[in-house]
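Worksheet for the structure shown next.
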Amino acid sequence: MYYWFVKLDEDYFKPYLCIISDDRKLQLVYRLNQINDKFIHPKIRVAESEKLKTGWYHFFPPIADESMSAHNVSAILNWHEKQHENMKPIEEKNAGQSSGKY
């Protein structure tokens, strides 16, 4: 089971989608409106995972992210599931995200 919610970043006041498994072993963070902000490569942050290292990753395929729905959450979870465990993050720090784990 997964829980998801939208939270404003405390420093930049940008909305982030947070997805957390019920055992807290998976925690993903995705900033909303990346497509509208003209990001060439939307990013997703893996805050906790038994599969991937903590850090920022490129997120493909892009999703309509003006608002979040169960469909978008499912697409993000599918992205995580399909990643190879040897994949390395593009950034290993919490760039742009002040509050670590949720």
Side-chain angles (χ1 to χ4, degrees):
M1 179 181 293
Y2 297 94
Y3 300 97
W4 61 277
F5 57 93
V6 175
K7 177 181 178 182
L8 284 178
D9 177 84
E10 296 169 1
D11 294 329
Y12 301 101
F13 302 105
K14 299 277 186 180
Y16 283 82
L17 169 68
C18 305
I19 303 171
I20 303 172
S21 63
D22 60 350
D23 61 4
R24 299 182 64 93
K25 291 182 179 180
L26 179 62
Q27 298 180 34
L28 304 173
V29 181
Y30 180 91
R31 187 171 70 81
L32 274 64
N33 294 315
Q34 291 187 63
I35 300 299
N36 287 341
D37 288 346
K38 308 288 189 244
F39 275 75
I40 295 172
H41 300 289
K43 296 178 185 177
I44 188 166
R45 186 165 77 86
V46 175
E48 187 73 36
S49 172
E50 293 182 328
K51 183 175 185 178
L52 298 174
K53 288 184 178 181
T54 300
W56 289 94
Y57 293 80
H58 288 296
F59 180 79
F60 291 107
I63 56 175
D65 63 0
E66 298 85 17
S67 62
M68 282 296 126
S69 67
H71 174 76
N72 291 37
V73 172
S74 179
I76 290 170
L77 290 170
N78 285 338
W79 170 87
H80 178 266
E81 183 64 30
K82 291 179 181 178
Q83 302 311 303
H84 191 272
E85 61 190 25
N86 292 331
M87 183 176 182
K88 296 192 186 296
I90 55 173
E91 295 178 46
E92 290 191 36
K93 57 186 176 180
N94 292 339
Q97 183 67 25
S98 61
S99 53
K101 295 181 184 177
Y102 291 96

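Both backbone and side-chain heavy atoms feed into the values below; hydrogens, waters and symmetry mates do not.
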Original post:
Under the salt bridge (charged side-chain N to carboxylate O under 4.0 Å, His left out) rule, what pairs show up with a residue in residues 51-80, not counting sequence neighbours?
Top reply: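 Matches after skipping sequence neighbours: none remain.
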[X] vs [Y] side-chain heavy atoms within contact, under 4.5 Å:
X	Y	result
Y57	Q83	no
T54	Q27	no
Q34	K43	yes
Y16	R45	no
V29	I44	no
L32	L17	yes

**OP:** State which residues pass side chain to side chain donor-acceptor pair (under 3.5 Å) with N86; sequence neighbours excluded, sorted by chain then number.
**Re:**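 Scan of N86 (side chain to side chain donor-acceptor pair (under 3.5 Å), adjacent residues dropped) gives none.
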At what distance, to the nearest 0.5 angstrom, does [atom1] of [X] lie from [atom2] of [Y]?
X	Y	atom1	atom2	value
D22	Y2	CG	OH	8.5 Å
I63	M68	CD1	CE	4.0 Å
E48	L28	CD	CG	10.5 Å
F59	R31	CZ	CZ	14.0 Å
K82	M87	NZ	CE	13.5 Å

Original post:
With clusters built from Ile, Leu, Val, Met, Phe, Trp and Tyr whose side-chain heavy atoms come within less than 4.5 Å, directly or transitively, what are the remaining members of the cluster of M1, listed by chain and number?
Top reply: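 Taking Ile, Leu, Val, Met, Phe, Trp and Tyr as members, M1 shares its hydrophobic cluster with Y3.
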**OP:** Output all residues satisfying salt bridge (charged side-chain N to carboxylate O under 4.0 Å, His left out) with K25, sequence neighbours left out; order by chain, then residue number.
**Re:**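 By the salt bridge (charged side-chain N to carboxylate O under 4.0 Å, His left out) rule, K25 matches E50.
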Original post:
Can you list the residues that meet the ring-ring contact (aromatic ring centres under 6.0 Å, His included) rule with F60, with sequence neighbours excluded?
Top reply: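 With sequence neighbours excluded, F60 shows a ring-ring contact (aromatic ring centres under 6.0 Å, His included) to H41, given in chain and number order.
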Can you give me every donor-acceptor pair (side chain of residues 69-80, partner residue at least two apart or in another chain, under 3.5 Å) with its distance?
residue: S69; atom: OG; partner: H71; partner atom: N; Å: 3.3
residue: S69; atom: OG; partner: N72; partner atom: N; Å: 3.4
residue: S69; atom: OG; partner: N72; partner atom: OD1; Å: 3.1
residue: N72; atom: ND2; partner: A64; partner atom: O; Å: 2.7
residue: N78; atom: ND2; partner: S74; partner atom: O; Å: 3.3
residue: H80; atom: NE2; partner: S49; partner atom: OG; Å: 2.9

